Amino acid sequence: KVLGENRIDLLYLDSLDLDLSHPIACAEHCLQEFINAKDLLAPNGLVIVDDTPNSIDFFAEKDHQKVSDFFQEYGTLPGKGALVILWLKENPNQYEILFHNYQLCLKKR
């Protein structure tokens, strides 16, 4: 944990692009970034995770089967924040979801 006033007010996670041939790689990477930084966030700090679609409509129709297969296995759509979403379900009341469209925006409680 960080002592004093040096806390993160806004964390934007946007590394390791989604590859639908191996979609879990970017989700694992993003989850690790989130876990490594979450204790550094200020109270009410924001986390924005890019490329975390909330609808299959964000994917090309040719990729819908891969997306559906990922959803069947993990219970969420593929994307950078896929495993962050699962972490949130396992750790309720730590973050509030402010919005989730193509990006996921969280506020630390």
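Bear in mind that the values here come from a model prediction, so they are computed numbers and not experimental data.
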**OP:** First locate atom SG of Cys26, then atom CG of Leu16, and finally report the distance between them rounded to the nearest 0.5 Å.
**Re:** 6.0 Å

**OP:** Identify the two heavy atoms, one from Lys38 and one from Lys108, that lie closest to each other, and give their separation to 0.1 Å.
**Re:** O-NZ, 3.2 Å

**OP:** Answer with yes or no whether the hydrophobic clustering places Leu11 together with Leu98; edges join I, L, V, M, F, W, Y residues whose side-chain heavy atoms lie under 4.5 Å apart.
**Re:** no

Original post:
Taking side chain as C-beta onward, heavy atoms only, is Glu33 less than 4.5 Å from Ser15?
Top reply: yes

Original post:
Step by step, would you call Leu18 with Phe59 a side chain to side chain contact (heavy atoms under 4.5 Å, CB included)?
Top reply: CA-CA 11 Å; Leu18 173 63; Phe59 296 91; 3.9 Å; yes

**OP:** Go through the steps to decide whether Cys105 and Ile97 satisfy the test side chain to side chain contact (heavy atoms under 4.5 Å, CB included), and finish with yes or no.
**Re:** CA-CA 6 Å; Cys105 181; Ile97 297 176; over 6 Å; no

Original post:
When you look at Arg109 and Gln94, which way does the side chain to side chain contact (heavy atoms under 4.5 Å, CB included) test go after all the steps?
Top reply: CA-CA 5 Å; Arg109 291 187 171 166; Gln94 293 189 33; 5.9 Å; no

Name each donor-acceptor pair under 3.5 Å that joins a side chain in residues 40-53 to protein atoms two or more places apart or in another chain, with its distance.
from: Asp50; atom 1: OD1; to: Gln103; atom 2: NE2; distance (Å): 3.3
from: Asp50; atom 1: OD2; to: Tyr12; atom 2: OH; distance (Å): 3.4
from: Asp51; atom 1: OD1; to: Tyr102; atom 2: OH; distance (Å): 2.9
from: Asp51; atom 1: OD2; to: Lys80; atom 2: NZ; distance (Å): 2.6
from: Thr52; atom 1: OG1; to: Asp50; atom 2: O; distance (Å): 3.1
from: Thr52; atom 1: OG1; to: Gly81; atom 2: N; distance (Å): 3.0

Subject >> Interatomic distance, Leu104 atom CG to Tyr95 atom OH [nearest 0.5 angstrom] >> reply: 11.5 Å

Original post:
In terms of hydrophobic clusters joined by side-chain contacts under 4.5 Å, are Phe34 and Leu10 together?
Top reply: no

**OP:** Not counting sequence neighbours, which residues clear side-chain contact (heavy atoms from CB on, under 4.5 Å) with Phe71? List them please.
**Re:** Leu77

**OP:** Side-chain contact test, heavy atoms from C-beta onward, threshold under 4.5 Å: evaluate it for Asn101 versus Phe58 and give yes or no.
**Re:** yes

Using residues 82-89 as the side-chain source, report each donor-acceptor pair under 3.5 Å to any protein atom, sequence neighbours left out, with the distance given to one decimal.
none

Original post:
When rounded to the nearest 0.5 angstrom, what is the spacing between OG in Ser55 and NE2 in His100?
Top reply: 10.0 Å

